[in-house]
There are 2 protein chains.
Amino acid sequence: MVKKKQTAKDLNAEEMILAAARKVFMTKGMAGARMQDIADEAGINKALLHYYFKDKEKLFETIFLQEAKKFFPKINSIFNSDDPLFEKFERFATEYIDEMQQNPYLPWFVINEINRDPDQFMYSIWGSNNLPNPSKFLAQIEKEVKKGTIKRISPMHLLMNLLGMTIFPFVAKPMIVRNMQIDELQFRAAMEQRKKEIPKFIIDAILK
Amino acid sequence: MVKKKQTAKDLNAEEMILAAARKVFMTKGMAGARMQDIADEAGINKALLHYYFKDKEKLFETIFLQEAKKFFPKINSIFNSDDPLFEKFERFATEYIDEMQQNPYLPWFVINEINRDPDQFMYSIWGSNNLPNPSKFLAQIEKEVKKGTIKRISPMHLLMNLLGMTIFPFVAKPMIVRNMQIDELQFRAAMEQRKKEIPKFIIDAILK
DNA sequence: ACTTTTGTTAACCATTTGGTTAAACTATAT
DNA sequence: ATATAGTTTAACCAAATGGTTAACAAAAGT
């Protein structure tokens, strides 16, 4: 009795709402998003939003969780793998740039809303367990330093460098695009290049 | 008759409004800021906001312009100077980190609002002249590459690396602080270290 | 067939929010 | 002292916005 039957033309309304909410929240943020905008975008009545999702807060949380799960767990799977250090640089750059190419607002959105209420989102949404955890990665750097294969560098700074070089261009995309006078296509191409540029740059910087 | 006389306790009301507006806008953004919050923060009546500044949009624009002018023109003065390339890396890191230490929300705020309406803010507020212009810096990199003093690297990627490593930790500060389990003081200390770490990292990466 | 459950809407409601008004207060000039 | 111009406030207003209601439509269960 919970089975769903849809008319041919319109797909599942709940999914259409989610897609619309995602689009609106991701571009305008929680505070800037209007429930009416989401309803319009989904092509349905505003009341239906509240039928499927209690209120704006709940709808937002659903979207945020959905998106944050794309953004963070990937860090763990890369950083905690058994891959050699240098491969991790490349995997991180490649996989994150791929994700952000499909979803350019993602880092802005996630950072933005964490900024709004750091404790709520970092802790209360995920359990404290599946938070991004770079400790194995940091230890691995330490080990390589001690082995003498790479120069002495603080693991934390190296991590910040990797994150910054990979993620920043997407966060600042509107600024960069205007300033460097490049178009959408050139931006995409530049980001593709960075999949190789970033690991190369890092390795050049730290290899003895 | 336009002279101002203030009672001892309260300073110029206009300035108090600006300070309050700055604080509220910088932490909540345009959409999240409430005029009442600003009035409360300034300790004055809401109507006074409209007495000094026509409306929310105008007040916001005043603040944004004020802040953006701290953020951008510095780029030009560094990038267009006659300093040698390696010094520019250090000057950029040092001066920007100093600015952001005093004003940690600045990059988030600026990027955020440019994101909201790229054309309005990047073009219509400044004339097209005093926009950040890294062309001399990019040419300088090109020249060093051709001289053979540094490795072959795309100037654009190098610039993005510098910007990302310098600015990103501040944009993502709430995330970083929670994730690396560091407190405010340790964050500050880490950023101080980065003034040297970043130029060192870059030079290690590109010096032949 | 008809009852019940689920999905959807138009109209409405309450609160929030940006903005206005008119009156009061303060300092200065005459 | 009194008029004047500039400053500040309490009270108010209209629009925007999140959310509710009641009626209706479509499916599913019997």
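In the text below, chain A, chain B and the rest are named by the order of the sequence lines, each starting its count at 1.
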>> Quick check: any donor-acceptor pair below 3.5 Å linking the side-chain of Lys46(B) to the base of dG19(C)?
In response: yes
Nearest whole Å is fine: how far is [N] [atom2] from [X] [atom1]?
X: Ile44(B); N: dG19(C); atom1: CD1; atom2: C1'; value: 14 Å
X: Phe53(B); N: dG19(C); atom1: CZ; atom2: P; value: 14 Å
X: Lys54(A); N: dG19(D); atom1: NZ; atom2: P; value: 8 Å
X: Lys56(A); N: dA16(D); atom1: NZ; atom2: C1'; value: 12 Å
X: Asn45(A); N: dG18(D); atom1: CG; atom2: P; value: 14 Å
X: Glu57(A); N: dG19(D); atom1: CD; atom2: C1'; value: 14 Å
X: Asp40(B); N: dT17(C); atom1: CG; atom2: C1'; value: 13 Å
X: Glu14(B); N: dT8(D); atom1: CD; atom2: P; value: 10 Å

> Which residues pass the side-chain hydrogen bond (donor to acceptor under 3.5 Å, both in side chains) test with Asp204(A), sequence neighbours left out?
Replying inline: Lys200(A)
>> Quick one about Glu67(A) and Asn103(A) (side-chain donor to acceptor, distance below 3.5 Å, no hydrogens or angles considered), yes or no?
In response: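 Yes - a donor-acceptor pair under 3.5 Å links their side chains.
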> So, Gln36(B) versus Asp40(B): side-chain donor-acceptor pair below 3.5 Å or not?
Replying inline: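 Asp40(B) and Gln36(B) do have a side-chain donor-acceptor pair below 3.5 Å.
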[X] vs [N]: side-chain N/O to OP1/OP2 distance below 4.0 Å:
X: Arg34(A); N: dA16(D); answer: no
X: Tyr52(A); N: dT6(C); answer: no
X: Tyr51(A); N: dT20(D); answer: no

> Should we count NZ of Lys58(A) as having more than 12 external heavy atoms under 6.0 Å?
Replying inline: no
Determine the contact category for [X]: base if any of its heavy atoms lies under 4.0 Å from a base atom, sugar-phosphate if only primed atoms, P, OP1 or OP2 are that close, otherwise nothing.
X: Asp55(B); result: sugar-phosphate
X: Leu49(A); result: nothing
X: Ala39(B); result: nothing

> When the nearest nucleotide of DNA chain C is assigned to Met35(B) and to Leu48(A) on a heavy-atom basis, which residue is associated with the more 5' position?
Replying inline: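 This one resolves to Leu48(A).
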>> For Glu99(A), is there an ion pair with Lys74(A) - N to carboxylate O distance below 4.0 angstrom?
In response: yes
> What parts of residues 23-32 of chain B reach DNA chain D, counting only heavy atoms under 4.0 Å away?
Replying inline: none
> Going from CD on Glu57(B) to CZ on Phe60(B), what distance comes out if it is rounded to the nearest 0.5 angstrom?
Replying inline: 7.5 Å
> With Lys136(A), which of Asp82(A), Asn80(A), Asn76(A) fulfils side chain to side chain donor-acceptor pair (under 3.5 Å)?
Replying inline: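 Only one of Asp82(A), Asn80(A), Asn76(A) forms a side chain to side chain donor-acceptor pair (under 3.5 Å) with Lys136(A), namely Asp82(A).
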